[in-house]
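Okay, structure first, notes after.
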Amino acid sequence: MQYISTRGTAPELNFEEAMLAGLARDGGLYVPKTLPKFDSNFITSLGHLSYEEIAFKVMKPFVGEVFEEVEFKNIIHQSYSKFVHQSKAPLRQLSDKHYLLELYHGPTLAFKDFAMQLIGQLFRTSLSKSKKRVTIIGATSGDTGSAAIEAFKGLDAVDVFILYPRGRVSEVQRRQMSTPSAINVHAISIDGDFDDCQKALKDLFNDLKFRDKVNLSGVNSINWARIMAQIVYYFSSYSSLDLGGEKVRFTVPTGNFGDIFAGYIAKKIGLPISKLIVATNQNDILHNALISGEYVRGIVNPSISPSMDIQVSSNFERALYYALKCNADEVTRLFSDFALTGNFKIQESALNNLLTHYSSGKVSEDETSETINNALKKYNVEVCPHTAIGLKVAEDNMCDEVMITLATAHPAKFFKAFESSTGKKPVMPKSLSDLFNKDERITELPNNLDQIKRVILERI
Ligand SMILES: *Cc1c(COP(=O)(O)O)cnc(C)c1O
């Protein structure tokens with residue numbers, strides 16, 4: 001399988017190269033040159049397999065021949081060995097047609113572990129063969145950073161630098177990033193919001209001299225391998241319901257459009273999905289783009305669902321690329337406009353295409369709290385604020401099709417929001433028990449590219 005850039009001019013790469021590259025050298029994002037196609041027999045046959053077996057079958061065509069079969073199976077097995085729930089991504093029935101897909105049983109209690117644990121193992125295997133070293137840089141609204149630090153800590157061939165917006169992540173998220181003692185991981189708090197962190201990250205990648213000097217690599221959802229790993233649970237959840245080909249809908253709490261884009265690829269390669277429903281908080285660039293056709297950068301307003309406090313949504317570029325029928329020139333034009341003016345207009349045919357796959361809903365702060373509380377009363381289930389946003393949008397969009405809502409993080413990760421919404425404490429998982437006693441190690445920097453570069457160069 002070969003990968004090409006959404007902006008059309010970066011070199012074509014195989015899976016391993018695309019994974020190690022992260023962002024394409026023309027500023028675009030890598031997508032598969034061709035997509036595999038799974039038929040209904042294949043999907044039915046997944047019904048009785050383990051999560052790891054499904055992961056192997058779904059991801060194999062995307063990885064191609066880069067890893068040997070046994071090696072890849074082993075990597076998958078290692079990746080999910082730290083998940084505390086036996087089925088890794090269990091489905092919980094909420095009502096007749098509504099299910100919650102629990103994606104928070106990994107080591108850092110958010111869905112990011114599904115992809116990051118796998119990427120950690122893939123990097124480890126790949127770099128031990130090539131004897132290369134890489135510098136990983138990540139921008140995070142909280143969960144990507146903790147998942148990346150957990151996946152890469154102690155790995156010899158990798159230095160990890162995570163940029164997060166100071167004061168805008170939850171205490172658990174911050175501590176998960178700042179307390180690991182491994183010397184190859186570095187939590188850097190930036191004086192800015194998530195968009196500033198993601199902009200700094202992209203600028204570091206686009207400085208080709210710096211990029212080559214430190215052998216830069218990225219594990220944000222700009223990295224195709226992240227998307228690939230997340231396709232798996234769309235298949236595992238669907239096939240566990242034994243629906244005989246019936247179409248379903250997924251509601252996905254969204255910020256950077258990564259998780260929901262994985263659902264789009266699942267649909268494109270054969271999973272019977274009728275709609276993917278974008279659920280956003282008050283930072284609603286995606287909801288606005290889908291209802292108005294105008295993609296307009298706004299100001300990030302901090303919310304109680306901080307992992308979605310994003311106004312420039314990286315993976316929307318991939319969605320647009322497909323909506324524009326793979327017209328890389330047009331994608332390049334739109335994003336050049338966006339860099340200059342902070343907005344662009346999606347042409348009508350592309351918008352109509354997007355609307356055949358996606359719809360959207362936006363949830364206020366009050367509604368989020370109310371839904372956390374309602375979920376406890378109505379379904380006896382504890383949800384995090386991001387999941388609550390998904391639940392609210394899903395409930396507003398119920399029809400006679402099965403709805404699966406993605407539960408993206410454990411409520412304990414956002415216990416303050418949970419407590420203020422319900423007056424109760426969430427169940428605290430074991431993995432958090434000593435987090436509050438450990439020393440923190442954080443580098444504080446202004447939102448300044450030269451200073452970020454200097455710290456990276458000093459530490460690698
Ligand atoms: C990252 C994250 C999201 C948003 O996911 P994207 O794929 O980046 O849109 C939602 N909820 C939680 C808990 C997250 O960590």
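First listed ligand is number 1; within each ligand, the first listed atom is number 1. Computed from a predicted structure; not experimentally measured.
Polar contact with ligand 1: present for G258 (N/O pair, distance under 3.5 Å). Remark: ligand 1 and F257 share an N or O pair separated by less than 3.5 Å (distance only, no angle test).
A heavy-atom distance below 4.5 Å is found between the side chains of E150 and K82.
Salt bridge present: R333 and E330 bring a charged side-chain N and a carboxylate O closer than 4.0 Å. Ion pairing between a basic and an acidic side chain is recognised when a charged N comes within 4.0 Å of a carboxylate O; K199 and D203 show such pairing.
Checking S178, S141, S307 one by one against Q173, the side-chain hydrogen bond (donor to acceptor under 3.5 Å, both in side chains) holds for a single residue, S307. Just one of S420, C384, S421 meets the side chain to side chain contact (heavy atoms under 4.5 Å, CB included) condition when paired with I372; it is S421.
Numbered from 1 in the order shown, with element, the atoms of ligand 1 that lie under 4.0 Å from a heavy atom of T254 read 9 (O). Ligand-side atoms of ligand 1 in range of G255: 4 (C), 6 (P), 9 (O), range being under 4.0 angstrom from any heavy atom. Every atom of ligand 1 with a heavy atom of S307 under 4.0 Å away is listed here by number and element: 2 (C), 12 (C), 14 (C), 15 (O).
Here Y80 and F83 bring their ring centres to under 6.0 angstrom of each other. A ring-centre distance under 6.0 Å is not found for F194 and Y164.
At least one heavy atom of F111 sits less than 4.0 Å from an atom of ligand 1. For the ligand labelled ligand 1, residue P253 lies inside the 4.0 Å heavy-atom shell.
When heavy-atom distances to ligand 1 are checked against a 4.0 Å cut-off, K413 has no atom that comes that close, whether in backbone or side chain.
When the heavy atoms of K112, H386, H410 are ranked by distance to atom 2 (C) of ligand 1, first place goes to K112.
Scanning the protein for heavy atoms near atom 12 (C) of ligand 1, the closest one is T408 OG1, 3.4 Å. The shortest contact between atom 6 (P) of ligand 1 and any protein heavy atom is with N256 N, 3.7 Å. For atom 7 (O) of ligand 1, the closest non-hydrogen atom on the protein side is D259 N, 2.7 Å. The protein heavy-atom contact nearest to atom 15 (O) of ligand 1 is D143 OD2, 2.4 Å.
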Show me the donor-acceptor pairs within less than 3.5 Å that the side chains of residues 293-302 make with the rest of the protein, sequence neighbours left out.
unit_1, atom_1, unit_2, atom_2, d
Y295, OH, S313, N, 2.9

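Here the OH atom belonging to Y238 is positioned 9.0 Å from the CD1 atom belonging to I404, to the nearest 0.5 angstrom.
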